Amino acid sequence: MKTPFLYRLGIIVMCIMSAYAIASVFEIMRLDEVSEESYGLLLLFPVLGSVAAPVVGLVMYGRKKTLGWVLCCGYTLFMFAQTVVGYFVFRRLGVELDDGGELHVRWVAEGVLYLLAVMLFMSRKIRSVFFDFEKTSLLDMIVSAVVAALFIGVCVFIPVLVGLSKPVYVIIGCGILFYALRWFAAYNNK
């Protein structure tokens, strides 16, 4: 089967997004406000969600596994939603985003790029590599991508949501979401 150009473009996009996520984590670790003690459980879930998801998604996407498409599409959807919500929350809180217009342009540019990445992964040519259109509806594909985005979002924001007080519930919740994600991928692979 001939590999479409858009599929290869998806690999390039995910390589860039993975490198950006890894660079962001190193930038956070380099900040003086983050102390050595807070590297433990506090950074485990954000690193898992923001770095492991695109890297694992990229590897599985390169092997043409359905879960790879689900993770890649879910990650781009999560990053788009995070950028849009973050932009409007900062604007609503009165945080000035106009440092000469530079920060404002960066947020808008990132939002547009993430939206283009979502549209790329949702394109018919890329979906045709991973799914049989006779057996899988577009709604099932969208639902699996949204579940992946929710899973990644929960992993990233778990320290905030739980306050690190109940790690057993966090692990159980992540396990349930992971199995839900696997179920959606298996359901779409039929």
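No experiment lies behind these values; they were computed from the predicted model shown. The first residue of the sequence shown is numbered 1, and numbering continues consecutively from there.
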Task: Shortest non-hydrogen contact between G68 and M60, atoms and distance - done: CA-CB, 3.5 Å
Open item on the list: What I'd like to find out is whether the side chain of K65 reaches to under 4.5 Å of the side chain of V59, using heavy atoms alone.
Closed with: no
Task: Taking every non-hydrogen atom, the tightest pair across A148 and G74 - done: CB-CA, 3.9 Å
Task: Sub-4.5 Å side-chain heavy-atom contact between R127 and W69 - done: yes
Open item on the list: To check you understand the geometry: which heavy-atom pair defines the closest contact between A53 and Y75, and what is its length?
Closed with: CB-CD1, 4.3 Å
Open item on the list: Please report the interatomic distance CG(L120) to CG(L115), rounded to the nearest 0.5 Å.
Closed with: 11.5 Å
- [ ] Indicate the atoms forming the closest heavy-atom contact of V51 with A21, along with that distance.
- [x] CG2-O, 3.8 Å
Open item on the list: I need the S144 OG to F131 CZ distance, nearest 0.5 Å.
Closed with: 5.0 Å
- [ ] Kindly compute the distance separating CG (L6) from CZ (R124), expressed to the nearest 0.5 Å.
- [x] 13.0 Å
Open item on the list: With rounding to the nearest 0.5 angstrom, report the CD1 to OH distance, I16 to Y20.
Closed with: 12.5 Å
Task: Where L58 and C72 come nearest, the two heavy atoms and their spacing - done: N-SG, 3.9 Å
Open item on the list: Looking at every non-hydrogen atom in both residues, tell me the closest pair between G10 and F121 and how far apart they are.
Closed with: O-CZ, 3.7 Å
- [ ] Mind checking the CG-CE spacing from L116 to M119? Nearest 0.5 Å is all I need.
- [x] 6.0 Å
Open item on the list: Quick check: do V146 and I142 have side-chain heavy atoms less than 4.5 Å from each other?
Closed with: yes
Task: Cluster overlap I12 with I126, hydrophobic side-chain contacts below 4.5 Å - done: no
Open item on the list: Could you check whether any side-chain heavy atom of Y7 comes within less than 4.5 Å of a side-chain heavy atom of I11, counting everything from C-beta outward?
Closed with: yes
Task: Between CE on residue M14 and OH on residue Y61, distance to nearest 0.5 Å - done: 9.0 Å
